[in-house]
Amino acid sequence: MQSTLRLSSLLGAMRAFAGPVPAPPPRGRFERPAIPDDVERRLESVTSRARRSVLDPLGRERGTGTVGFPRRLNLPSLDGDTAAAVQVDETTCGSAVLAMLGLAGDPRAALRIAGDDPAARFVRLQHAVQAATNRHGLVVAGWPRTYGTPPWGAARFASYGGVRYTHRVAGSRGLLEAAVAAARAGIPVPLYTGGDVTSGWDAAVPRHVVLLTLADGEGTEGNAVIYEPSGAGLHTVPVAVLLDPPPAPTREAEPQQTTGDRTAARVRKALTAALGGWPHVAWVVLPKRAGRWQGGATGATTEAH
């Protein structure tokens, strides 16, 4: 039997980077941040497409899409520029994800990047985000840039409107259920992805960062959308598959594939593409409530329980 040992499994068993799963936000209150008056005035003179790109940087109004048919995510633009929301290099997947999360929660920031040359502005924004998230390491003063964005740095920096975040090792299905619940409430969730020791120890650690932007349905029903920054893609996957990734087929089973096998293979391929080429979620950066949930289209608050 092949080993499927993962760093997240070991850390989960040791209760490292663990803690209670944050309660999900109230459904429907955080679908879009309030639009500042100055942003609204500026958008009065632009096309409907440009307005939509500023107010909906993650393309969530386009719905969940179709499994196996990814769409491209472009940056906000006032002049029709179609620059892709792609990471700068192999170390900035987390920076790109956190940047797009911030733009989705701040229409004024999205308007700024939508000006002249959004691609160049997005490059500078990623570098600024990386400098902020990597300022603190575990036992050293800074986290090495070559290792990408540490989960604790991402959680400290992440913000969607007035919502702040915490991080947990993905050692239980409950964490992924909480991530889906947050996405259904309108709050995007950064996810760290990785592999296991069958591909070497370097694959058993978190290797990539993606953003769960949207989910519909109830329970295990419905679809989820994941922004994958290396290709600027919006990938659609079934919620049930995100919660319980299917195992890879054995070589012996391949010659006798049924229609169900082929469907499972297509869905598994869609999930792997959504997770940046990796098979599972290793770490989750979840929204938390600090006394009250704050945000929503009306700026209303909800008491925490």
Side-chain angles (χ1 to χ4, degrees), residues 30-66 69-133 149 157-163 183 186-188 190 209-214 225-236 273-274 276 295-297 299:
F30 295 88
E31 293 179 357
R32 176 180 291 177
I35 306 172
D37 291 341
D38 59 321
V39 174
E40 188 64 77
R41 288 193 296 270
R42 178 66 181 88
L43 295 179
E44 288 176 355
S45 60
V46 304
T47 66
S48 59
R49 179 178 178 179
R51 175 185 174 87
R52 190 164 54 249
S53 76
V54 170
L55 299 182
D56 183 30
L58 294 175
R60 291 182 289 179
E61 289 185 359
R62 295 156 63 183
T64 54
T66 304
F69 294 89
R71 301 159 289 168
R72 192 173 92 155
L73 181 63
N74 292 324
L75 294 168
S77 173
L78 294 180
D79 60 6
D81 191 355
T82 56
V86 66
Q87 66 191 71
V88 175
D89 57 40
E90 66 276 7
T91 72
T92 58
C93 53
S95 304
V97 160
L98 293 172
M100 291 306 297
L101 173 65
L103 296 180
D106 186 348
R108 189 174 283 118
L111 179 61
R112 284 197 298 270
I113 207 171
D116 182 55
D117 200 352
R121 291 172 182 261
F122 192 50
V123 168
R124 292 193 293 270
L125 179 57
Q126 288 183 58
H127 287 154
V129 171
Q130 188 174 60
T133 57
T149 304
F157 182 88
S159 175
Y160 178 75
V163 178
I187 302 180
V209 189
V210 299
L211 185 66
L212 175 59
T213 67
L214 179 68
V225 178
I226 295 175
Y227 160 57
E228 195 286 296
S230 72
L234 292 174
H235 297 261
T236 303

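All residue numbers in this chain count up from 1 along the given sequence.
Residues L75 and M100 have side chains in contact (heavy-atom distance under 4.5 Å, counting atoms from C-beta outward). Counting only heavy atoms from C-beta outward, the side chains of V88 and H127 approach each other to under 4.5 Å.
Across P107 and A34, no two heavy atoms sit closer than the pair CG-O, 3.8 Å. Looking at every heavy atom in both residues, Y160 comes nearest to P33 through OH-CD, 3.6 Å. Counting all heavy atoms, side chain and backbone alike, P188 lies closest to P190 at O-CD, 4.1 Å. Residues R60 and A104 come closest through the heavy atom pair NH2-CB, 4.4 Å. The nearest pair of heavy atoms linking S230 to Q87 is N-OE1, 3.1 Å.
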Please walk me through it: do V54 and L111 pass side-chain contact (heavy atoms from CB on, under 4.5 Å)?
CA-CA 6 Å; V54 170; L111 179 61; 4.1 Å; yes
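Residues passing the side-chain hydrogen bond (donor to acceptor under 3.5 Å, both in side chains) test with R71: none are found, sequence neighbours excluded. Residues passing the salt bridge (charged side-chain N to carboxylate O under 4.0 Å, His left out) test with R42: none are found, sequence neighbours excluded.
Note: S53 OG to L73 CG = 10.5 Å, rounded to the nearest 0.5 Å. To the nearest 0.5 Å, the span separating CG on L101 from CG on L58 amounts to 7.5 Å. Annotation: the span from L55 atom CG to L43 atom CG amounts to 5.5 Å, rounded to 0.5 Å. Rounding to the nearest 0.5 Å gives a distance of 8.0 Å between CZ of R41 and CD of E44. To the nearest 0.5 Å, atoms NE2 (H235) and OH (Y227) are separated by 10.5 Å. Distance check: L103 CG to R121 CZ gives 11.5 Å after rounding to the nearest 0.5 Å.
Side-chain N or O atoms of Q130 include none that pairs as donor or acceptor with a backbone N or O of G94 at under 3.5 Å. Although no hydrogens or angles enter the test, the distance criterion places no donor-acceptor pair under 3.5 Å between the side chain of S95 and the main chain of V129. Using a distance-only test at 3.5 Å, with no hydrogens or angles considered, no donor-acceptor pair links the side chain of R108 to the main chain of D38. A donor-acceptor pair under 3.5 Å is formed between the side chain of T47 and the backbone N or O of A50.
For the side chain to side chain contact (heavy atoms under 4.5 Å, CB included) with I226, the lone residue among L212, L234, L214 that qualifies is L212.
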Which side-chain N or O atoms in residues 112-119 pair as donor and acceptor under 3.5 Å with protein atoms at least two apart or in another chain?
from	atom 1	to	atom 2	distance (Å)
D117	OD1	A120	N	3.3

